[in-house]
Amino acid sequence: MTSIGTGYDLSNSVFSPDGRNFQVEYAMKAVENGGTSIGIKFKDGVVLAAEKIVTSKLLVPNSNKRIQTIDKHVGVVYSGLVPDGRHFVGRGRDEASSWRSTYKVPIPVPSLADRLGSYAQAYTLYNSVRPFGISSIIGGVDEDGAHLYMIEPSGSYWGYSAAAAGKGRQTAKTELEKLEFSSLTAKDAVKEAARIIYLAHEDSKDKEFELEMTWISASETNSIHQFVPEALLKEAKQFAAEATSPEDKMEE
Amino acid sequence: MEQRPVNWGRPRDDIYGAYDHNIHNAAKMPTVHTQQPIVTGTSVIAVKFDKGVMMAADNLASYGSLARFTDQERLIPVGKDTVVGVSGDISDLQYVERLLEQLEIEENYDNDGHELKSSNIFEYLSRVFYQRRSKMDPLWNAVIVAGVEDGKPFLSYVDLLGVTYSSPTLATGFGAYLAVPLLRQVVDKEGDEDNLTEEDARKLIDKCMKVLFYRDARSIDKYSVATITSEGAKLEKNVKCVEMNWRFAEDIKGYGRTVA
Amino acid sequence: MNGISVDVNHLKKGEVNLGTSIMACKFDGGVILGADSRTTTGSFIANRVTDKLTQVHEKIWCCRSGSAADTQAVADIVHYHLQAYSAQNDRDPSAKVAASLFQELCYSNKDSLSAGIIVAGFDEMTGGEVYSIPLGGSLHKQEYAIAGSGSTYIYGFCNTHFKSNMSEDEVIQFVKTALAEAIKWDGSSGGVIRMVVLTKEGPRRLIFYPDEYEKICN
């Protein structure tokens, strides 16, 4: 942390002499500490998955969702500061519903990503605010097919075939790069997503976690964003558990 | 000289006293919105039966007496087990449709599996209709909300005045005169619906739609039927009036005086 | 009754009206719009060569009927919105989006507007699309649409002679005949017949003069 003590890291609206915005970089640290999130685009849709670290045994299972719905056809998962994510999703919902009231059609996913990217970017410009402590992965299906985007604290966003954020992102990315996206079916994508979250969790194995998964698919969910059904989730978890601990299986 | 034209031509101060300048800031007239319906749909009819509710509305959107659009759907499914039937102004129908879609989207934000119940939808609509009539800018419709809630049939009415009521048989517009008497022959009071099967309810609905086609000059013989049971809502489209009786016309000659 | 009565129907006396015959129709490969060219104030023809076919985007056009001032204002606003749409979203707006913008303007200002608009547009995804927006501000998707005072005379003709998937030549003949009849029977319609053909090649204008089209229905 070479920046500490220079004073250039204290304000959002001030560059350091070498052209960096340290507040944005610190925000990215917040993201790196968060539970892993991934998104995978397949033939006719997108699957989103989150590794939700159970921080207390007193928490109600399946509560405190990390994957949320922006509009019927769009979902979002994020790593980092959950309250920041909640606010960001609120903005996404406002954008989506304002688009609907103007144009009477669902917002195209690229347009939503663009608007949310601009929103995140605005929080890097002013002295009175701090950047969002989240990287969010936005998945959706519109008339042009499936889309996947990731928005970072800087406000920069790119379209992806698969994206990962949070603590286990390096492991996840390595695995995601091996996938064949053009032929991947919805159900296979769900299983792969589960496997990758399980694998990415290995490094912090001491902590309990919950797997959260949603999908949007033209063929499976009528292009509506919803949680993966219980039966398929169970199947995917089993697949993930078997795939990530092959030694245990061999011993049986 | 008085430089501000707004003060020209005012009563003279020396005779009438100083001019009260608040007067020209006051609104000249009360705000008036009250429209008239332009493109309209006619009756919606509905009846409870032992396992649910059945509702029907024809596919005509009239422009005055002109049968302008003959493929207008007026039954709007909302959530899994509710259908909203709308008569009256079609532009307001489409507005209500958009309100309900947004309501549904916001309901699904939580992704908790909770679905809007028929009574929730009805209560929402009745508040919207009453609020708009209180702004002197009514939504020019009469609406029937039909559904199944906690295994029991739900049926309620709300209109442009914000008036609401419930009954095991309901109809809007002309249907209130022509269909309700026929429906009440079978389901007269609460509880009577327990003796009506889905099959018989359908026959009853078809009969009412036929009578409405015979006697309502703003109707056509093509309609949609919604059937809501605990299994969910199904919408049957493009149903035609069949087995109509016209042949007796051949024997009607003249109008009273005996003619050949 | 002694209440205050307000007459909203006479707020705009002496208005320039497009007492009109307009239509739009889908065909195999695109969509076509057609209109007469008469504009009247009462029974005086204020303009005998009016252009009632208005472009709001490259391949989205509209036919205007009702008050000339109202429909021009509405079309200008929609034109602005669609320019902004394609600049901001890096894509062309669909005909549905354009029609919805017209619809919202006509619906939310229904107390002060007299506008009957037909919107027609071409895009690669849907081929051609035709939307009708009558007085109250409702939106109706159609295979073909007719509107304006002259349209009442051709409901029967259009209903009988319309076919799905006509060729371009067929659809031009259909629109020409329909409008020729409307012009013949409607005193508020007249002049030349203007058409715009929208295909993947872009918009193309056509014009037909009275000495030619009158022969169809002498």
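These values consider heavy atoms only, across backbone and side chains, with no hydrogens, waters or symmetry-generated copies. Naming convention: chains lettered A, B, ... in sequence-line order (proteins, then strands); numbering from 1 in each chain.
Counting heavy-atom neighbours within 6.0 Å of A:Y126 OH, excluding the residue itself, gives a total of 12 or less. Shown here is A:K187, whose NZ atom has no more than 12 heavy atoms of other residues, nucleotides or ligands within 6.0 Å.
Note: A:I107 CD1 to C:N89 CG = 7.5 Å, rounded to the nearest 0.5 Å. How far NZ of A:K104 is from NZ of C:K96: 9.5 Å, rounded to the nearest 0.5 Å. A distance of 5.5 Å separates OG of A:S111 from CZ of C:R91, quoted to the nearest 0.5 Å.
Taking non-hydrogen atoms and a 4.5 Å limit, the residue list of residues 137-154 of chain C in contact with chain A is empty. Listed by sequence position, A:E143, A:D144 are the residues of residues 136-164 of chain A in contact with chain C, using a 4.5 angstrom heavy-atom cutoff.
Closest approach of C:Y85 and A:P108 over heavy atoms only: OH-CG, 4.3 Å. Heavy atoms only, all atoms of each residue included: C:L101 and A:T102 are closest at CD2-O, 3.6 Å.
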